[in-house]
2 protein chains.
Amino acid sequence: MLKRAPTNAELEILRVLWQRGPSTVRHVHESVDHVKPVGYTTVLKLLQIMVEKGLVRRDASARSHVYAAVASQGATQRRLVRDLVRRVFGGSTLGLVLHALHSAPATAPELDQIRRLLDEKKGGRT
Amino acid sequence: MLKRAPTNAELEILRVLWQRGPSTVRHVHESVDHVKPVGYTTVLKLLQIMVEKGLVRRDASARSHVYAAVASQGATQRRLVRDLVRRVFGGSTLGLVLHALHSAPATAPELDQIRRLLDEKKGGRT
DNA sequence: CACTAAGTACGAAGCTGTTCGTAGCTACAC
DNA sequence: GTGTAGCTACGAACAGCTTCGTACTTAGTG
């Protein structure tokens, strides 16, 4: 079963599920609608499709079904980064990182955080 | 005139134009077809659409028109990274970088390159 | 029981991206 | 001049994503 990456509208919904945890359609709709107006049944339909795709799980025991994300936010982000690296940087993760850093308005503490990660990696190589 | 990010198929074509420079449809088709079989007129149509979108420029002075990318590879990559950061990392470039580094099989020289970049940025802040 | 509110299911339309077949034009070889 | 090879233009089909309207179901209230 090959899973496709979530689409744009699907990501909006996943964002809510990751942030608020398992939610009803009403909950998700309220959150999404607040950011970008959209019909209730649109969100419902999306969630139904996402169930079929295996992106979310549905608990139908209560009258209002409760939906939860299947993949964690981290795993999904990793997936999307991998796709971008392949599509746009010919598989070079380094290319992506350099590009991102160039255009990043990073603060000093953030830079330190990256530096720490680099040190870890270096240590782990031996 | 708002420019949309290039689609998947469009990126395949841009990759050829960036690599080989201004090219005829035949040239582009041969390169793309080699990687992923596709009809000649498909590539032609795509290029025509890309002209309308402003993604490529066309020199129609010769019988075989010559197409060239409008935006540089770097600028396009930056654009796509920015989009991903907004869509998937809530605008946090740092989030993207950390994620990428975590899953990156970076070599020591590559890590050094990143470190150099970090030093530059740090220096530039004061 | 009858009514209403809140929920789910589903069909279908509109848009974009991708693909290709067909038609038509033109330079060149003979 | 005639034919052919190579090119551009264009319409149309198909697929995926997104959106919503409508129909159906059910729990609760009087």
Side-chain angles (χ1 to χ4, degrees), chain A residues 1-17 22-68 76 80 83-84 87-88, chain B residues 1-16 22-68 76 79-80 83-84 87-88:
Chain A
M1 186 222 337
L2 287 181
K3 264 197 225 161
R4 297 169 75 79
T7 66
N8 244 6
E10 287 167 351
L11 267 178
E12 304 274 332
I13 287 177
L14 287 174
R15 198 192 317 278
V16 175
L17 295 181
S23 311
T24 62
V25 178
R26 183 142 303 276
H27 255 97
V28 174
H29 174 244
E30 271 162 13
S31 287
V32 171
D33 190 49
H34 188 265
V35 173
K36 173 189 184 302
V38 70
Y40 176 88
T41 58
T42 300
V43 173
L44 171 63
K45 177 73 161 185
L46 243 340
L47 280 166
Q48 287 167 348
I49 291 173
M50 290 168 79
V51 166
E52 281 187 0
K53 289 191 186 174
L55 290 172
V56 299
R57 208 174 305 118
R58 165 166 59 180
D59 174 1
S61 63
R63 183 154 136 74
S64 295
H65 300 175
V66 173
Y67 295 84
T76 303
L80 289 168
D83 287 353
L84 186 80
R87 280 198 320 127
V88 180
Chain B
M1 187 221 340
L2 287 182
K3 264 198 224 159
R4 296 168 76 79
T7 67
N8 243 7
E10 286 167 353
L11 266 178
E12 303 274 331
I13 287 178
L14 286 175
R15 200 193 316 280
V16 175
S23 311
T24 62
V25 178
R26 183 142 304 276
H27 255 96
V28 174
H29 174 244
E30 271 162 13
S31 288
V32 172
D33 191 49
H34 188 264
V35 173
K36 174 190 184 303
V38 69
Y40 176 87
T41 57
T42 301
V43 173
L44 171 63
K45 177 73 162 185
L46 242 341
L47 280 166
Q48 286 168 347
I49 291 173
M50 291 167 78
V51 167
E52 281 188 359
K53 289 191 185 173
L55 290 172
V56 300
R57 209 174 305 117
R58 165 167 57 181
D59 174 0
S61 62
R63 183 155 135 72
S64 297
H65 300 176
V66 173
Y67 295 85
T76 303
R79 164 67 190 273
L80 289 168
D83 286 353
L84 186 80
R87 279 198 321 127
V88 179

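Lettering follows sequence order; numbering is per chain, from 1.
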Here the gap from A:R87 atom CZ to B:R15 atom CZ, rounded to the nearest 0.5 Å, amounts to 9.0 Å

Within residues 34-45 of chain B, those residues having any heavy atom closer than 4.0 Å to DNA chain D are B:Y40, B:T41, B:L44, B:K45

Subject >> A:R58 side-chain N/O to C:dA9 phosphate OP1/OP2 under 4.0 Å >> reply: yes

Value for CG (A:L55) from CD1 (A:I13), rounded to nearest 0.5 Å, stands at 10.0 Å

A:Q48 CD to D:dC24 P, in whole Å, measures 17 Å

Residue pairs meeting side chain to side chain donor-acceptor pair (under 3.5 Å), one or both in residues 38-50 of chain A, sequence neighbours left out, come to none

- Test log, rule side-chain contact (heavy atoms from CB on, under 4.5 Å), inputs B:V88 and A:L84: CA-CA 12 Å; B:V88 179; A:L84 186 80; over 6 Å; no

note: B:E52, atom CD; C:dT18, atom P; distance rounded to Å ~ 15 Å

With B:V28 as partner, the option from B:V25, B:V32, B:T24 fulfilling side-chain contact (heavy atoms from CB on, under 4.5 Å) is B:V32

Separation of C:dG11 atom P from A:L46 atom CG, nearest Å, is 17 Å

A:R4 CZ to C:dG17 P, in whole Å, measures 15 Å

Check nucleotides 1-6 of chain D against the protein and report each pair of N or O atoms closer than 3.5 Å, with its distance, or say if there are none.
unit_1	atom_1	unit_2	atom_2	d
D:dG6	N2	B:R63	NH1	3.0
D:dG6	N2	B:R63	NH2	3.1
D:dG6	N3	B:R63	NH2	2.9

Tell me whether B:H27 at atom NE2 has more than 12 heavy atoms from other residues, nucleotides or ligands lying less than 6.0 Å away.
no

Regarding the side chain of A:I49, the nearest nucleotide among C:dA9, D:dT18, C:dG17 is D:dT18

Step-by-step side-chain contact (heavy atoms from CB on, under 4.5 Å) determination, B:L14 to B:M50:
CA-CA 10 Å; B:L14 286 175; B:M50 291 167 78; 3.7 Å; yes

Nearest heavy-atom approach of A:Y67 to A:L44 is OH-CD1, 4.2 Å

From CE of A:M50 across to P of C:dT8 the rounded distance in Å is 15 Å

I want to check something: taking the side chain as every heavy atom from C-beta on, are A:V51 and A:L47 in contact at a cut-off of under 4.5 Å?
no

The side-chain hydrogen bond (donor to acceptor under 3.5 Å, both in side chains) partners of A:D83 (sequence neighbours excluded) come to A:R79, A:R86

Contact check, residues 8-16 of chain A vs DNA chain D, heavy-atom distance under 4.0 Å, returns A:N8, A:A9

Is the shortest heavy-atom distance from the side chain of A:P22 to the side chain of A:D59 under 4.5 Å?
no

Student check: side-chain heavy atoms of A:E10 and A:T76 closer than 4.5 Å: no

Atom CG of B:D33 and atom P of C:dT19 are separated, to the nearest Å, by 11 Å

When the rotation axes relating C1' atoms of four end pairs to the next four are compared across the helix from C:dC1-D:dG30 to C:dC30-D:dG1, five pairs an end, they differ to 10° by 20°

From CG of A:L47 across to P of D:dT18 the rounded distance in Å is 13 Å

When rounded to the nearest 0.5 Å, the distance separating CG of A:D33 from CZ of A:R26 is 10.5 Å

